[in-house]
2 protein chains.
Amino acid sequence: MAPTRTAEDRVLDALDQCIVRWGLGKVTIDDVANESHVSRASIYRMFPGGKDVMFEALRVRNTREFFEGMRAALLDSDSLLDLTVQIAVYATTELRNDDNLVTLLATEEATAIRELTVDGLPRIINVASAYLLPIVTAYVSHDFGVRFVDLVARLVISHFLAPSSLVDLGDPASAREFFAPLVAFIDLPVS
Amino acid sequence: MAPTRTAEDRVLDALDQCIVRWGLGKVTIDDVANESHVSRASIYRMFPGGKDVMFEALRVRNTREFFEGMRAALLDSDSLLDLTVQIAVYATTELRNDDNLVTLLATEEATAIRELTVDGLPRIINVASAYLLPIVTAYVSHDFGVRFVDLVARLVISHFLAPSSLVDLGDPASAREFFAPLVAFIDLPVS
DNA sequence: AGACACTAAGACGGCGTCTGTCTCAGTGTC
DNA sequence: GACACTGAGACAGACGCCGTCTTAGTGTCT
């Protein structure tokens, strides 16, 4: 109830609530307006383009918050492998514990999968780069870091959607075993 | 998955699922058809009149199951007061523990309240009479029993929707204290 | 085999709801 | 008083849902 919460934040919070209650496909602008106590007109002023833009804004906010939480949770690492394992384990665990996401996968599977692959993955990778590149570049070059973050993001999401019998990225030991060969050839401890 | 489950049961189960997922007001016949794997045409054949009739069928089934559960849970009683307390406590507890109902009251309050008052109460009282009259008439006449079941049903629902500071019908002692004066003048142990 | 009952699939018109844009009146701030 | 912003609501158009209907396909009887 802090008055510092912007109107946009209140609308996006309301949208989130509506999605939880009624599912992605059933939310209307009127629902969000009622829930947020912001008029429909103001919502359209806030998100020119309407529903799609508002939904995209929520996804961007959620993605940001996801990686903010990750950055706050990362401990000091002594190698790229160590850092990668921390990232993969945190991300996998968070995804598995995200009740909204799990519900979405159960009730609106097609939409949820698109959001984690074709539709949403580019944005996820962009945000991941913004948050993780400064950390990753402690071990590798910028250009390599970009490709490495891209790779890890894809692998984590893929293993979340379709768990492998060979590896559990939610388990540190298993994740380490999995990533070791991938980073071995450039894993240089920071002297 | 028992093959004995009728198509109607499967449709009503699907409807129940859809309501849980999407809320009363957002369920479409197509949702139910997909969820139940019964075609839309068959649903209309099954419930002539469409959506309203199907919803009413589910409410009837739910009400029946509620009172079947109650009848199975009732222990032998030695007086009308004792029986009344058992009924009130069971009903109140069940209502409070009904997750679907609680969710409905949180997200679609207006509809949920109508369902427990103006719209649904006549049906509830009818079913309550059908299940409880045979038991109640151990202590009182048929005509009095009808009016008594009606009275108890109204009181339980009223106290569920608007809890009183004077009495908690979920608590046996409190319920006994509350009902004692109401049944005192006709409470005749079955000699 | 043929008659019968039943179902899934989907086309159809009608209607209600949602969308996105707009106007207008009210409020608070310089 | 000028300005920026908001809520309320009208509006046309699009869309989705409803309820009915037809058609083709399946399984069960005699």
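FYI, side chains are in, hydrogens and waters are out, and symmetry mates aren't considered; it's all heavy atoms of this structure. In what follows, every chain begins at residue 1, and chains take the letters A, B, ... in the order their sequences are listed.
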Check your understanding: Which two nucleotides bound the region of DNA chain D that has atoms under 4.0 Å from heavy atoms of chain B, read 5' to 3'?
Key -> D:dC17 to D:dC21
Please tabulate the protein-to-nucleotide N/O contacts below 3.5 Å involving nucleotides 6-12 of chain C, giving atom names and distances.
{"residue": "C:dA8", "atom": "OP1", "partner": "B:H37", "partner atom": "O", "Å": "3.4"}
{"residue": "C:dA8", "atom": "OP2", "partner": "B:S39", "partner atom": "N", "Å": "3.0"}
{"residue": "C:dA8", "atom": "OP2", "partner": "B:S39", "partner atom": "OG", "Å": "2.8"}
{"residue": "C:dA8", "atom": "OP2", "partner": "B:S42", "partner atom": "OG", "Å": "2.6"}
{"residue": "C:dA11", "atom": "N6", "partner": "B:R40", "partner atom": "NH2", "Å": "3.2"}

Review point. Got more than 12 heavy atoms from elsewhere within 6.0 Å of CG, A:N97?
Key: yes
Point to revise | Gap between atoms NZ and P, on A:K51 and C:dT17 respectively (whole Å) | key: 16 Å
Practice item. Begin from the C-alpha positions of B:R154 and B:D150 and carry the test salt bridge (Lys or Arg N to Asp or Glu O under 4.0 Å) through to its verdict. Key: CA-CA 6 Å; B:R154 290 172 187 275; B:D150 184 299; 2.5 Å; yes
Exercise for review: Using the salt bridge (charged side-chain N to carboxylate O under 4.0 Å, His left out) rule, collect all pairs that involve residues 120-131 of chain B, keeping only residues at least two apart or in two chains.
Suggested key: B:E56-B:R123, B:E115-B:R123
Practice item. Note down the inter-axis angle between the two ends of the helix from C:dA1-D:dT30 to C:dC30-D:dG1, five pairs each, to the nearest 10°. Key: 30°
**Study point:** Evaluation steps, salt bridge (Lys or Arg N to Asp or Glu O under 4.0 Å), between A:R21 and A:D16
**Key:** CA-CA 9 Å; A:R21 286 187 191 166; A:D16 203 60; over 6 Å; no
Exercise for review: May I ask you to test the A:L104-A:T111 pair for a side-chain heavy-atom distance under 4.5 Å?
Suggested key: no
Review point. Applying the side-chain contact (heavy atoms from CB on, under 4.5 Å) test to A:L15, which of A:V27, A:D31, A:I29, A:V20 qualifies?
Key: A:V27
Review point. If we only count heavy atoms from C-beta on, is the B:E8 to B:I43 side-chain gap below 4.5 Å?
Key: no
Exercise for review: Return each pair, listed once, that meets ring-ring contact (aromatic ring centres under 6.0 Å, His included) where at least one residue sits in residues 150-174 of chain A; pairs must be two or more places apart or across chains.
Suggested key: A:H159-A:F178
Point to revise | Separation of C:dC18 P from A:D30 CG (nearest whole Å) | key: 6 Å
Review point. So, for B:V85 and B:R176, which heavy atoms are closest and what is the spacing to 0.1 Å?
Key: CG2-CA, 3.4 Å
Exercise for review: Side-chain contact test, heavy atoms from C-beta onward, threshold under 4.5 Å: evaluate it for B:F148 versus B:L80 and give yes or no.
Suggested key: yes
Review point. With a cut-off of 6.0 Å (strictly less than), are more than 12 heavy atoms of other residues, nucleotides or ligands near CD of B:E65?
Key: yes
Review point. Are there more than 12 heavy atoms of other residues, nucleotides or ligands under 6.0 Å from atom CD of A:E68?
Key: yes
**Study point:** Strand contacts (DNA chain D) in residues 16-28 of chain A, 4.0 angstrom heavy-atom criterion
**Key:** none
Exercise for review: Mark yes when over 12 heavy atoms from residues, nucleotides or ligands other than A:R96 sit less than 6.0 Å from its CZ; otherwise mark no.
Suggested key: yes
